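In what follows, a structure is listed as structure tokens, so that the remarks can point back to it.
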Amino acid sequence: MVEREANFDGLVGPTHNYAGLSWGNVASNRHARSTSHPREAALQGLNKMKALSDMGLVQGVLAPQERPDIATLRQLGFTGTDADVLDKAFREDPMLLAACCSASSMWTANAATVSPGADTKDGRIHFTPANLINKFHRSLEHGVTGRILRQVFSDENHFCHHAALPAHDDFGDEGAANHTRLYDNQGKGLELFVYGRSAHRPDMPAPQRYPARQTLEASRAVARLHGLSEHNSLFIQQNPAVIDQGVFHNDVIAVGNGNVLFYHQQAFLDTQGVQDEIRRKLPDAGMHFIEVSDSDVPVQDAINSYLFNTQLVTLAPGHMALIAPTECADTPSVKAYLERLTAMNTPVQEVRFMDVKQSMQNGGGPACLRLRVAMNEAELAAVNPACLMNDTLYGHLSAWIHRHYRDRLIPDDLRDPMLLDESRTALDELTQLLKLGSVYPFQR
Ligand SMILES: NCCC[C@H](NC(=O)CCC(=O)O)C(=O)O
């Protein structure tokens, strides 16, 4: 059956701010404590969704999380009214308050790993929310993420939801940011799981400076849960040397779609082995391996421009577009490379630039902002229609953002009880707009 790939983007939440929470993510550290612009951030994300929808692609929306996360602050011993909790947390541990205010769920590439029905044993689409255990602020996401996913993909005949993996470093899981699915014209898929280290094989190479967020053991567990087989899954080790340069997820150094794998020369530990295995497991795909060399684009330029955190989308058979952040056009080596790329004989025929600067400054490009879900017509018909982008929803969301979001935020604003009220009012309205029921702690 024909599958269509939908992109579900995370709406940027009202507390979008720069707190420098992600050690190993150089953009997050570089912009720590600078002024953020939540309204602009949310509109940039929304406009990207609209642009992809206008290209004829199926585009979905995933709601943000409730932030500030008062429930977690209370769990950590702060008491009194909600305003007291914010105030005490701010005085005692502002970093903790910032962690509980992060809008990081916007990067839905980290929301979950999704396996299409064509690959799974029971033929349903399987979802496992990522535990995101490596960063405290992100480890707070998976519970509500799971609830939101169940509201969007609720039909059990088509969709199967798992719990996040156990909350231990051995099972560090970052979701689809380390997962790519290739497929051939017959719809046969191959799921690539890219990991940074093995918890149980300390003899294998691992980064020295920055953390490897994804373990082999986590990737294998997700593949087992989803009922994948040896024939449609492949486990690939990321090159630890690039993690140490700031490549904290595989989607900062590689992106795949259909029969194209676009990656940097230094992305994987054993590139030849990766190519051989993909050709062996997906023999009829006519794979295009588009490898970018150090001399074309140094790793640092790739990280700063997010050349590989692009979305590779199929607009017509054999015709793909690369959805790139404007930073790619501003980086000379990358700009020159992209001009050559579209002239090469590959399916990547055009580049479209999007402005997602507010997200980029926290280390999230176009690809970080989306979760891909490949669906056939019956599955697509079973998706909560209120979460699918069209002109009407675009109008509603745009007005909703203008109504509720602040123009700017500095870290000290996070203690403001008004911000909590504004966020809850906004989210309450949003759950009605997207027909999500009561997914947030404050609604229960
Ligand atoms: N896929 C992109 C994820 C980016 C995300 N950044 C952050 O959480 C930064 C938040 C801050 O520093 O305020 C991360 O590193 O997981």
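When reading the values below, keep in mind they use all heavy atoms of this one structure, side chains included, and skip hydrogens, waters and symmetry mates. Counting starts at 1 for both ligands and their atoms, following the listed order. Worth saying up front: this structure is predicted, and the values here are computed from it rather than measured.
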For ligand 1, which atoms sit closer than 4.0 Å to a heavy atom of [X]?
X: Asn17; result: 13 (O)
X: His249; result: 1 (N)
X: Ala19; result: 11 (C), 12 (O), 13 (O)

Below 3.5 angstrom, do we get any N/O pair linking [X] and ligand 1?
X: Asn110; result: yes
X: Ser102; result: no
X: Gly364; result: no
X: Asp251; result: no
X: Trp107; result: no
X: Cys368; result: no
X: Tyr18; result: no

Do [X] and [Y] have side chains that approach each other closer than 4.5 Å (heavy atoms only, starting at C-beta)?
X: Asp428; Y: Tyr440; result: no
X: Pro64; Y: Leu430; result: yes
X: Pro14; Y: Glu422; result: no
X: Val194; Y: Tyr263; result: no
X: Ile401; Y: Val12; result: no

Are any side-chain N or O atoms of Asn110 and backbone N or O atoms of Glu174, one a donor and one an acceptor, separated by less than 3.5 Å?
yes
Check if [X] has a non-hydrogen atom at a distance under 4.0 Å from any atom of ligand 1.
X: His137; answer: yes
X: Ala109; answer: no
X: Gly20; answer: yes
X: Arg213; answer: yes

Does either side chain, that of Asp9 or that of Gln59, offer a donor lying less than 3.5 Å from an acceptor on the other one?
yes
Would Phe262 and His264 count as a ring pair (Phe, Tyr, Trp, His ring centres under 6.0 Å) if you check the C-alpha gap in whole Å, the side-chain angles of each, and the deciding distance to 0.1 Å?
CA-CA 7 Å; Phe262 178 49; His264 193 274; 9.9 Å; no
Give me the residue, atom name and distance of the protein heavy atom closest to atom 14 (C) of ligand 1.
Ser22 OG, 3.4 Å
Tell me which protein heavy atom sits closest to atom 11 (C) of ligand 1, plus the residue, atom name and distance to 0.1 Å.
Asn362 OD1, 3.2 Å
Check this for me: does any side-chain nitrogen of one of Arg444 and Glu66 sit under 4.0 Å from a carboxylate oxygen of the other?
no
Over 60° means perpendicular and under 30° means parallel, so classify the ring planes of His161 and Phe127, tilted if in between.
parallel
